[in-house]
Amino acid sequence: MTTRTRFAPSPTGFLHVGGIRTALFAYLVARQENGKFVLRFEDTDKKREVAGSAEHLISSLRAIGIEYNEGPDIGGPFGPYVQSQRLERYKEWANKLIEQGRAYADPYTPAEIQSFRDEAQTAKRAFRYRDHRPENPPIWDGSQPLRFKCDPKSFTYHDEVMGDVTTSPEVVDDFILIKSDSYPTYNFAHIVDDADMEISHVIRGQEFISSMPNYLALYEALGLRHPIFAHMPHIMNEQGNKKLGKRDGAKDVLDYIRDGYLSETMMSFIATLGWNDGTEQEVFTKDELIEKFSLARVQRSGARFDEKRLLWMNGHFIRELSLDELADRIEFFWPESAKKASEAYKKRVLALAQDRIKTLRDLPGLTSYFFEEPTVNLALITENKQLKKLSTNETVNLLELVKNTFREVTDWTPEVLQDCLNQLLETTDQKPGTLFSLIRVVTTWAPFSPQLNDTLALLGKNTTLARIDAATNHIQ
RNA sequence: GGCCUUAUCGUCUAACGGUUAGGACACAAGGUUCUCAUCCUUGCAAUCCGGGUUCGAUUCCCGGUAAGGUCACCA
């Protein structure tokens with residue numbers, strides 16, 4: 001049997017890291033076994049649907065590097081891949097159940113059901129519809145919900161993550177198959193679709209595990225062999241006290257991309273949240289994940305989303321990139337003032353920044369003085385623990401000396417400049433902490449910068465001399 | 001409240017029943033002729049509690065406790 005996994009979100013908003021992880025694991029299983037990964041939209045709740053979210057979901061998957069083989073926008077042999085376009089199919093299966101006496105119309109009003117529910121709650125029991133199963137339900141005309149007539153029994157199944165599970169008969173209930181608006185519920189539709197689409201592995205969040213007895217009962221009534229199951233633990237919020245959710249500020253995965261996180265980072269980080277390969281390897285490429293991932297090694301406990309670790313990992317992947325590759329990825333993150341700079345110059349700047357940025361978005365803050373005149377900030381001198389020891393005269397004299405020495409340099413390269421700087425240390429009899437700091441500050445007016453000789457070399461002789469001049473005037 | 005699940009450094013996690021309980025992030029200290037970052041070294045830091053089983057338990061069993069999920073005409 002070919003491996004076919006799916007990701008089946010409802011288009012009700014954006015995708016957060018919890019959702020994308022489920023998608024990723026399903027994708028990895030499919031890729032690993034040369035199977036197919038399919039995307040399906042479960043849009044059976046029209047009230048909750050959010051305009052534009054289908055497209056948003058698709059771009060989120062793409063942004064992380066999860067490609068699907070079949071889906072709403074690209075079609076495939078089992079389409080359509082949108083549940084609202086498959087209504088006939090659910091009706092067919094529903095009728096089959098009615099014929100078998102395994103489905104019936106729900107005659108109660110919502111208020112009546114609510115009172116049953118309240119009753120159960122006050123009695124501190126779990127609510128169960130079948131305790132109120134009507135004896136002579138009306139003929140289903142589509143205006144009432146259609147319920148599954150369950151046969152309460154114990155089930156045993158294997159879950160790739162949870163292991164062998166046995167459930168008790170009490171938790172099987174008469175759940176709704178088709179709502180009164182004629183749309184199917186998730187509980188019904190996903191089973192029909194998975195069968196129709198020949199899905200081999202159902203990989204989803206742990207919140208569905210308590211519904212498993214109902215699903216198993218339905219598979220049985222429908223005469224279907226059930227797929228392989230794998231229920232993923234939840235990703236918890238930063239406090240670790242709740243499953244990550246949109247309401248408590250879970251971030252859109254696309255926001256991480258916008259904030260300058262690489263797709264490699266997101267994929268590796270999300271995969272290792274609740275999974276590891278048993279070795280001490282900390283980061284994984286996509287190919288490594290496809291090769292090494294296994295559902296059996298997925299943790300059963302929830303994991304917290306640690307942004308600090310994410311940030312570290314992003315820095316790691318940024319450093320792994322070749323300069324050309326990084327240049328491509330960072331194209332839209334340059335400061336405004338870099339627009340008129342040449343590609344070659346930008347690449348040299350980038351080479352100096354590569355070790356220093358943690359997200360692509362850090363770039364402007366670290367490099368702006370390579371493209372525009374920095375704003376003089378004398379506090380960088382008066383609050384520097386070496387520089388504040390110098391008198392104004394000493395500072396000015398030092399700068400004059402530096403300027404005169406630099407003026408003589410004909411070959412303005414990092415190597416020559418390093419020699420020149422070393423020479424200046426001797427002629428001025430200053431410590432590097434004083435001399436280099438001073439030059440660095442007056443040429444960049446930034447709290448930190450790359451190595452001095454590299455910085456000056458890139459700034460160029462004219463700019464360097466001009467900035468020293470301007471600084472001298474300011475200080476005097 | 002019923003049912004299900006989980007529990008190792010602050011965080012992510014490793015450890016056929018036998019290890020000085022390992023790695024990584026974070027944090028701290030030091031090194032790399034200035035700063036920042038990278039890189040390197042070092043340090044700090046954990047088996048939820050109580051009972052069993054066993055020569056021996058982080059590991060198996062039971063009971064607590066705590067946390068999460070679920071009990072929708074949402075998925």
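In the text below, chain A, chain B and the rest are named by the order of the sequence lines, each starting its count at 1.
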Heavy atoms only, 4.0 Å cut-off, all strands: where does [X] land among base, sugar-phosphate and nothing?
X: A/Ser449; result: base
X: A/Phe175; result: nothing
X: A/Gly205; result: nothing
X: A/Thr44; result: sugar-phosphate
X: A/Lys431; result: nothing
X: A/Met162; result: sugar-phosphate
X: A/Gln121; result: nothing
X: A/Leu425; result: base
X: A/Glu307; result: nothing
X: A/Arg440; result: base
X: A/Glu42; result: sugar-phosphate
X: A/Arg319; result: sugar-phosphate
X: A/Arg204; result: nothing
X: A/Met236; result: sugar-phosphate

[atom1] gap between [N] and [M], integer Å:
N: B/rC12; M: B/rU6; atom1: C1'; result: 16 Å
N: B/rU13; M: B/rG30; atom1: P; result: 33 Å
N: B/rC36; M: B/rC74; atom1: C1'; result: 49 Å
N: B/rG22; M: B/rG64; atom1: C1'; result: 31 Å
N: B/rU54; M: B/rA72; atom1: C1'; result: 49 Å
N: B/rU58; M: B/rC9; atom1: C1'; result: 13 Å
N: B/rC71; M: B/rG52; atom1: P; result: 40 Å
N: B/rA57; M: B/rC39; atom1: C1'; result: 41 Å

Watson-Crick or G-U counterpart of [N], or none if no pair lies under 3.5 Å:
N: B/rU70; value: B/rG2
N: B/rU65; value: B/rA7
N: B/rC39; value: B/rG31

Testing the basics here: between A/Leu87 and A/Ser84, what is the closest heavy-atom pair and its distance to 0.1 Å? CD2-O, 3.6 Å
Answer yes or no for A/Arg204 and A/Phe208: cation-pi contact, defined as NZ/CZ to six-membered ring centre under 6.0 Å and angle to ring axis within 45°. yes
Taking the six-membered ring of A/Phe284 (Phe, Tyr or Trp), confirm whether the NZ or CZ of A/Lys292 is under 6.0 Å from its centre and within 45° of its axis. no
Of A/Leu360, A/Leu262, A/Leu363, the residue whose pairing with A/Leu326 passes side-chain contact (heavy atoms from CB on, under 4.5 Å): A/Leu360
My understanding is that only residues two or more places apart in sequence, or in another chain, count here; which of them pass side chain to side chain contact (heavy atoms under 4.5 Å, CB included) with A/Ala338? A/Trp334, A/Pro335, A/Lys346, A/Phe371
Distance only, no hydrogens: is a donor on one side chain within 3.5 Å (strictly under) of an acceptor on the other, for A/Glu288 and A/Gln281? yes
Closest nucleotide of RNA chain B for A/Leu310 versus for A/Asp45: which of these residues is on the 5' side? A/Leu310
Comparing A/Glu282 with A/Pro145, nearest RNA chain B nucleotide closer to 5' gives the residue A/Glu282
For residues 142-151 of chain A, which residue pairs qualify under salt bridge (Lys or Arg N to Asp or Glu O under 4.0 Å), counting only residues two or more places apart or in two chains? A/Asp106-A/Arg147
I would like to know whether A/Asn422 and A/Glu426 meet side chain to side chain donor-acceptor pair (under 3.5 Å); could you show each step before the answer? CA-CA 7 Å; A/Asn422 285 340; A/Glu426 285 182 33; over 6 Å; no
Chain A on RNA chain B: first and last contacting nucleotide, 5' to 3', under 4.0 Å to a heavy atom? B/rG1 to B/rA75
Between the CD atom in A/Gln430 and the CG atom in A/Leu401, the distance rounded to the nearest 0.5 Å is 10.0 Å
